[in-house]
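Have a look at the structure below before the remarks.
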Amino acid sequence: MWSFEEWVEGPMRVLTGLRALCYPCHAVKHFGRTLHRGDADAAVKHLMRVNGWSRREVHVHISAAFAVFDQRNQVSWAGTDLTWLRDTLGIDATLS
C-alpha cells in the first residue's frame, strides 16, 4: 500500500503497508497487468461479484483508476520511502 506525499525534497512515494490478496483480487488490483495477460474478463466478473456492481460501474471504476495511474506516471518522483519495511518487518531495503 502506498501514499503519495509532498515532501520538502519533492513528491515522494511512501510504502505504508502490505496487503495479502487472493488471486482474483490481485488480478483486479493490478488490472493493467491482467489486461496485458488477457485475463481481464475474469477480473471484471470478480469485481462485479464482490462489489455487486454492473459492468458499467466496473468500467467507470477501471477508467478512473487508469486516470490516476496516468497522472502519477507524469510526476517526477523525488524518491521512494521504504521505511515501513525496516520499522515493521526489520527489512532494510533500498531501491537501486
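Hydrogens, waters and symmetry mates are skipped; everything else that's a heavy atom, side chains included, is used.
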### Task
Step by step, work out the side chain to side chain contact (heavy atoms under 4.5 Å, CB included) result for Lys45 and Arg55.
CA-CA 8 Å; Lys45 288 177 182 173; Arg55 194 168 285 276; 4.3 Å; yes
### Task
Check whether more than 12 heavy atoms from other residues, nucleotides or ligands sit under 6.0 Å from atom CD of Gln71, and answer yes or no.
no
### Query
Of all heavy-atom pairs between Met12 and Thr80, which one has the smallest distance, and what is that distance?
CE-N, 4.1 Å
### Query
To the nearest 0.5 Å, how far apart are CG in Leu82 and CG in Asp87?
11.0 Å
### Query
Does a sphere of radius 6.0 Å around NE2 in His59 hold more than 12 heavy atoms from other residues, nucleotides or ligands, not counting ones at 6.0 Å or beyond?
no
### Message
Show, in sequence, the C-alpha distance, side-chain angles and deciding distance for Arg49 and His46, and conclude whether the side chain to side chain donor-acceptor pair (under 3.5 Å) test is met.
### Response
CA-CA 5 Å; Arg49 183 174 54 252; His46 182 69; 3.1 Å; yes
### Common cluster, Trp84/Phe4, ILVMFWY with side-chain heavy-atom separation under 4.5 Å
yes
### Closest contact, heavy atoms only, Arg37 versus Tyr23
NH2-OH, 4.4 Å
### Message
Looking at every non-hydrogen atom in both residues, tell me the closest pair between Met1 and Arg19 and how far apart they are.
### Response
SD-NH2, 3.0 Å
### Task
Say whether Val50 and Phe31 are linked into one hydrophobic cluster, either directly or through other cluster members, by side-chain heavy-atom distances under 4.5 angstrom.
no
## Note on the structure
Between Glu5 and Ser3 the two heavy atoms that sit nearest each other are OE2-OG, 2.7 Å
### Task
Would you give the length of the straight line joining atom NE2 of His61 to atom CG of Asn51, rounded to the nearest 0.5 angstrom?
7.5 Å
#### Entry: From Lys29 atom NZ to Thr34 atom OG1, the distance as rounded to the nearest 0.5 Å
12.0 Å
### Query
Are Phe66 and Val28 connected in the hydrophobic side-chain network, where two residues link if heavy atoms are under 4.5 Å apart?
yes
### Query
How many angstroms lie between CG in Leu18 and CG in Leu89, if you round to the nearest 0.5 Å?
6.0 Å
### Task
Compare every heavy atom of Ala93 with every heavy atom of Leu85, then report the nearest pair and how far apart it is.
CD1-CB, 3.8 Å
## Note on the structure
Heavy atoms of Pro11 and Ser76 approach each other most closely as CG-O, 3.8 Å
### Message
Can you confirm whether more than 12 heavy atoms, excluding those of Phe69, are under 6.0 Å from its CZ atom?
### Response
no
### Query
Given the rule that I, L, V, M, F, W and Y join up when any side-chain heavy atoms are under 4.5 Å apart, are Ile62 and Leu35 in one cluster?
yes
### Query
Trp77, Leu15: one ILVMFWY side-chain cluster at the under-4.5 Å cut-off?
yes
